[in-house]
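Structure first, then comments.
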Amino acid sequence: MKGLDTTVVDVTNSARDDGSLNNGSLNRGGPNKRRQDNGQLKNGLRQPELVISESLRFAYDTFLTNKVRFLLTALGMMIGTASLVLVVTIGLTGKQYILDQIQGIGANLIYASYSGGGQRITAVALDELTVDDLTAVREQVPSVVAASPFVTLNDRISVGNGKEQDILILGVFPEYRQVRNLLLLAGRFFDTEDSQGRSKVGVITEKLAVKLFGTPDSAVGQVIKLNGLPFTVIGVFKERVETFGQSEVEDNTMAIPYSVSRFFLPSNAVRQIYFTVASPDEVTTATAQIKRVLQSRHRPESVYNVENLTPLVNLAERTANILTVVLLLIAAVVLLVSGIGIMNIMLATVSARIREIGIRKAVGATKREIRFQFLSEAILISLIGGVLGIVIGLAIPYSVRFLTAYRIPISGLSAIIAIVVCSLVGILFGTVPAIRASQLDPVESLRYE
């Protein structure tokens, strides 16, 4: 007992002399083994790896002894991290949905139309597009894989009980189904043989089939008279994406071969021509090439609009990206609040462990080791909450994939970003408590009750 009292007195006196117990350690074994400021002993007796592993072990032991407190602190971080992962998933899902809707209108679609010509004193005929223009484009633009013109006609048909119904008639090529990415519900679409043979056949929209015949299947084989001529319904279709009447396809629409529609037209002019290219990467180049071909075949003053869906796709992507950024900022606020909670808990932990800090300094712990110990505890809390949040954030979209047929896009990058953010939050908000702990006076800490 007398020897122990002498040791404590020696430790206290040494702390009073230099304020740090001989640079945070006892002088054991002579000056050649005294600890340096960088945490090493001279002659290589102390390695940095041992200091780091010791601090990590202390952090782990502290977590085990205060599991409830640390888990409650990590709860906020878990919610913030899960929100970050889910926000990225929601943004990707929204973008994919919008792009699917746009692509549903027509895969890699390019559309050309006659806009008009310059004013002349002498009256001249309109310089409208024709099927010959379509043929020229197919020959000169190799990236075009399908094309179809369309012309519009209107008629009234009998729907029974003395009633009539207005109907829109589209004269198109067989490739129109591919170009417009139509969904065939019953029967078939007319083919090249029907077009070359000028067969009086047609396909009608789903809504017209239900209105006239009850169901799409019942409509196949029925006869509709156009201008007194019987046309056999061989198929029922609908647009893959609802355009709400903003496209050429209306609710009461019937498509017939273009070769047959020519019998009802005063000229060979077409209203619009649709083109489809092989790859989305070729859309912009093909658009310019098509416009050049069309312009070269007509009068210089004639104006032709050749457009694609690229501006609409870009607008949708920008909108989805802006929405994702806004949601990420909200998730960042949650992580910020969680970081403040970690800082408060760590400050309370420092206050509760002042005597422990004093003892550690008395037996040789440096300020750097004390800082690293409390900083590692803050990072440990952040990472535990972050990992749990990532698991929850990824489990939800994977569950949707497993339980439904909808393929929600999942970003692995969001999980990596979440881990990095959690680590940064732990470092940022754990620094203040760690510095406060390292600056405690060892003598005063040992006297703390």
Side-chain angles (χ1 to χ4, degrees), residues 55-56 59-60 62-97 317-352 371-403 406 408-437:
S55 298
L56 292 175
Y60 179 71
T62 305
F63 170 74
L64 292 180
T65 55
N66 300 275
K67 287 184 289 187
V68 176
R69 178 197 295 175
F70 285 159
L71 287 176
L72 290 177
T73 307
L75 180 63
M77 186 62 63
M78 179 182 68
I79 295 173
T81 307
S83 300
L84 189 148
V85 175
L86 289 175
V87 159
V88 175
T89 302
I90 292 171
L92 292 175
T93 303
K95 182 186 295 186
Q96 186 64 48
Y97 176 78
E317 289 184 341
R318 287 197 301 269
T319 303
N321 290 336
I322 291 173
L323 178 61
T324 302
V325 170
V326 172
L327 294 176
L328 281 174
L329 290 176
I330 297 174
V333 172
V334 177
L335 288 173
L336 181 64
V337 173
S338 302
I340 294 174
I342 291 175
M343 183 174 64
N344 291 335
I345 290 297
M346 292 306 299
L347 287 173
T349 301
V350 170
S351 300
R371 282 197 302 269
F372 187 81
Q373 176 191 347
F374 283 88
L375 193 59
S376 61
E377 291 179 14
I379 296 175
L380 181 62
I381 296 174
S382 298
L383 289 180
I384 290 175
V387 171
L388 292 177
I390 291 172
V391 171
I392 295 173
L394 294 179
I396 294 176
Y398 272 115
S399 299
V400 174
R401 277 189 170 194
F402 180 75
L403 299 176
Y406 192 78
I408 293 181
I410 298 174
S411 173
L413 181 61
S414 63
I416 298 175
I417 294 175
I419 285 292
V420 173
V421 170
C422 288
S423 301
L424 292 177
V425 169
I427 294 173
L428 179 64
F429 290 96
T431 300
V432 173
I435 293 176
R436 180 178 177 183

Name every donor-acceptor pair, under 3.5 Å, that has one atom in a side chain of residues 327-336 and the other anywhere in the protein, sequence neighbours excluded.
none

Roughly how far apart are Leu380 CG and Ser423 OG, rounded to 0.5 Å? 11.0 Å
In Å and rounded to the nearest 0.5 Å, what is the OH to OG1 distance from Tyr398 to Thr89? 9.5 Å
List the residues meeting side-chain hydrogen bond (donor to acceptor under 3.5 Å, both in side chains) with Glu317, not counting sequence neighbours, and say none if there are none. none
So, using side-chain contact (heavy atoms from CB on, under 4.5 Å) as the criterion, who are the partners of Leu424 when residues are at least two apart? Val420
Restricting to side-chain contact (heavy atoms from CB on, under 4.5 Å), what partner residues turn up for Thr319, sequence neighbours left out? Leu315
For residues Arg401 and Ile408, report the shortest heavy-atom separation together with the two atoms involved. NE-O, 2.9 Å
Who pairs with Asn321 by side-chain hydrogen bond (donor to acceptor under 3.5 Å, both in side chains), at least two apart in sequence or on another chain? Lys95
For a quick test of your reading: what N or O donor-acceptor pairs under 3.5 Å do the side chains of residues 381-395 make, sequence neighbours left out?
residue : atom : partner : partner atom : Å
Ser382  : OG   : Ala378  : O            : 3.1
Ser382  : OG   : Gly426  : N            : 3.4

Output a table of donor-acceptor pairs, distance under 3.5 Å, between side-chain atoms of residues 80-87 and any protein atom two or more places apart or on a different chain; print 'none' if there are none.
residue : atom : partner : partner atom : Å
Thr81   : OG1  : Met77   : O            : 2.8
Ser83   : OG   : Ile79   : O            : 2.7

